[in-house]
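Naming: A, B, ... by sequence-line order, numbering from 1 per chain.
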There are 2 protein chains.
Amino acid sequence: MGEMASGGQSAEQAPPSFVELATRILESSGARMTVVRRILCEVLQNAEHSMSSDQLLTEAKKRDPLISMSSVYRTLKFLSDAELLRQIDGLDGERRFEKADLKTAASHIVCRDCGIVVSLSDPCLAIRETPAIRAEGFHRERISLRVEAKCTELAETGDCKRRNRAK
Amino acid sequence: MGEMASGGQSAEQAPPSFVELATRILESSGARMTVVRRILCEVLQNAEHSMSSDQLLTEAKKRDPLISMSSVYRTLKFLSDAELLRQIDGLDGERRFEKADLKTAASHIVCRDCGIVVSLSDPCLAIRETPAIRAEGFHRERISLRVEAKCTELAETGDCKRRNRAK
DNA sequence: ATAACTGCAAAAGTTTTGCTCGAGG
DNA sequence: CCTCGAGCAAAACTTTTGCAGTTAT
């Protein structure tokens, strides 16, 4: 769960972790990777799903109860500007965040029944769309697919496993 | 620009206009197509691009200066719930709206240079993604692609025609 | 010593709601 | 008439900002 391997500094196969990426960006702009920022980055790094600003604050407070919403938003803004975060729109315009790592494309299903957001993998999405985007006179920088859907399991059985996990 | 043709009431090829659709939905739920609502619907119907709540109010006020923001939001909510509107996320989380008509899929390019939103056509998008969505246990209801991009023209010539039109 | 960071509180936006009056079927 | 809709103003949120004390270099 913590850092592992990556003993030397020569290999080029070591995938930099989210916290490492954030640290680089921060330091390259004269900023510091402080305790508060590290906690927020680590929460985002370890999050299995996208989070709202509220959830992020709640999680961070478990590690340091004094962390404030200002820091959450300041950090989210910073990481977003650095393209390290992706924003996802949940139900009712709810904004959620998740680490973007290096992918340029991402797809998500937003469940209309319970509001959870599920990631969907489609490596070809960006490539397929490139010609049409170019034809419009644009150069693609980031691409995301959003699917609103109903839960099959809920419709058939009246209940849904996913529903029983925190939003 | 108004209604044309559709003389009889027998043909099944008459595509109901946005205002007509809205009227049906309204009346079927015991509500009324009032003057205010009609103005708002007509503005949305005639809009060439997606609009913010603010723009919608501004346009509507040109026809009736007394229209209030409450009515804008109430109408937007109503039409959204009825699936007659599509929400698009502009830059910086700005919410924009456009009529959805009957399409289940829509694609938009958001320009990072000037913030405009351009529609993109890809009729196969929904079909291509269906298997993956089903595999996750969901039944697709609506699908939208969002592309953030840079303007090629601006990069090459230092200016952009689109930029000079109102956001 | 200097520059950056944080929490707090206030501000700024945006969207929703309660209320009362007016309009419409 | 009696219901539904509209505007106004206030409330409710979410996100941003100014400030003053604190921390790290």
Side-chain angles (χ1 to χ4, degrees), chain A residues 19 22-44 50-58 60-82 85 87-97 115 167, chain B residues 19 22-44 50-58 60-82 85 87-97 115 167:
Chain A
V19 174
T23 305
R24 276 185 216 172
I25 302 256
L26 276 165
E27 296 187 341
S28 74
S29 69
R32 302 165 190 157
M33 176 52 89
T34 62
V35 174
V36 169
R37 284 177 184 160
R38 164 159 272 117
I39 290 175
L40 291 168
C41 287
E42 284 174 355
V43 171
L44 285 164
S50 59
M51 313 181 75
S52 64
S53 53
D54 222 39
Q55 289 176 316
L56 180 52
L57 179 61
T58 302
K61 277 191 165 171
K62 290 180 185 169
R63 300 225 223 157
D64 178 348
L66 289 184
I67 291 181
S68 71
M69 193 53 117
S70 314
S71 293
V72 169
Y73 277 113
R74 275 189 281 239
T75 302
L76 286 174
K77 179 88 167 63
F78 188 92
L79 297 173
S80 292
D81 286 350
L85 287 186
Q87 258 187 64
I88 299 148
D89 305 289
L91 245 34
D92 302 315
E94 184 199 24
R95 286 171 74 195
R96 306 182 66 82
F97 302 85
K167 230 178 101 177
Chain B
V19 174
T23 305
R24 275 185 218 172
I25 303 257
L26 277 165
E27 297 188 340
S28 74
S29 70
R32 302 165 190 156
M33 175 53 89
T34 62
V35 173
V36 169
R37 283 177 183 158
R38 164 160 271 116
I39 290 176
L40 291 168
C41 287
E42 283 174 355
V43 171
L44 286 165
S50 59
M51 314 182 74
S52 63
S53 53
D54 223 37
Q55 288 175 316
L56 180 52
L57 179 62
T58 302
K61 277 191 166 172
K62 289 180 185 169
R63 300 226 223 156
D64 178 348
L66 289 183
I67 291 182
S68 72
M69 193 53 117
S70 313
S71 293
V72 169
Y73 277 112
R74 276 190 278 240
T75 302
L76 286 174
K77 179 89 166 62
F78 188 91
L79 297 173
S80 292
D81 287 350
L85 286 186
Q87 258 187 64
I88 299 147
D89 305 288
L91 247 32
D92 302 315
E94 184 198 24
R95 287 170 73 194
R96 305 182 67 80
F97 301 84
K167 232 179 98 177

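- The side chain of Thr34(A) places an N or O atom within less than 4.0 Å of a non-bridging phosphate oxygen (OP1 or OP2) of dT6(C).
- Leu76(B) comes within 4.0 angstrom of no nucleic acid atom, judged by non-hydrogen atoms across all strands.
- DNA chain D is contacted by both Leu66(B) and Ser53(A); Leu66(B) maps to the nucleotide lying nearer its 5′ end (nearest heavy atom per residue).
- Between Ile39(B) atom CD1 and dA6(D) atom P the separation is 10 Å, expressed in whole Å.
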Worksheet entry | Heavy-atom protein contacts under 4.0 Å, nucleotides 16-25 of chain C, coded B base, S sugar-phosphate only, - none | BBB-----S-
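- dC8(C) atom C1' lies 15 Å from atom CD1 of Ile67(A), rounded to whole Å.
- Note that the CG atom of Leu44(B) and the CG atom of Leu85(B) stand 5.5 Å from one another [nearest 0.5 Å].
- In this structure Ser70(A) satisfies the side-chain contact (heavy atoms from CB on, under 4.5 Å) test together with Ser68(A), Arg74(A), sequence neighbours excluded.
- If you measure from atom CG of Asp89(B) to atom P of dT14(C), you get 15 Å, rounded to the nearest angstrom.
- The side-chain contact (heavy atoms from CB on, under 4.5 Å) test with Val43(B) singles out one residue from Lys62(B), Gln55(B), Met51(B), and that residue is Met51(B).
- Computed from coordinates, the Leu26(B) CG to dC4(D) C1' distance equals 12 Å when rounded to whole Å.
- Here the CD1 atom belonging to Ile25(A) is positioned 10.5 Å from the SG atom belonging to Cys41(A), to the nearest 0.5 angstrom.
- Under a 3.5 Å cut-off, the side chain of Asp92(A) and the backbone N or O of Glu94(A) do not form any donor-acceptor pair.
- Atom-to-atom, CZ of Phe97(A) to P of dT14(D) comes out at 12 Å; the value is rounded to the nearest Å.
- Counting to the nearest Å, the P atom of dT14(C) and the CG atom of Asp92(A) are 19 Å from each other.
- Checking dG5(D), dG7(C), dC5(C) against every side-chain atom of Arg37(B), the shortest atom distance belongs to dG5(D).
- Distance check: Leu76(B) CG to Asp81(B) CG gives 11.0 Å after rounding to the nearest 0.5 Å.
- Residues satisfying the side-chain contact (heavy atoms from CB on, under 4.5 Å) criterion with Thr34(A), sequence neighbours excluded, are Arg32(A), Val36(A), Arg37(A).
- When rounded to the nearest whole Å, the span between CE of Met33(A) and C1' of dC5(C) equals 13 Å.
- The CG atom of Asp54(A) sits 17 Å away from the P atom of dA12(D) (whole-angstrom rounding).
- Among the protein residues, Ser68(B) comes within range of the nucleic acid bases, having at least one heavy atom under 4.0 Å from a base atom.
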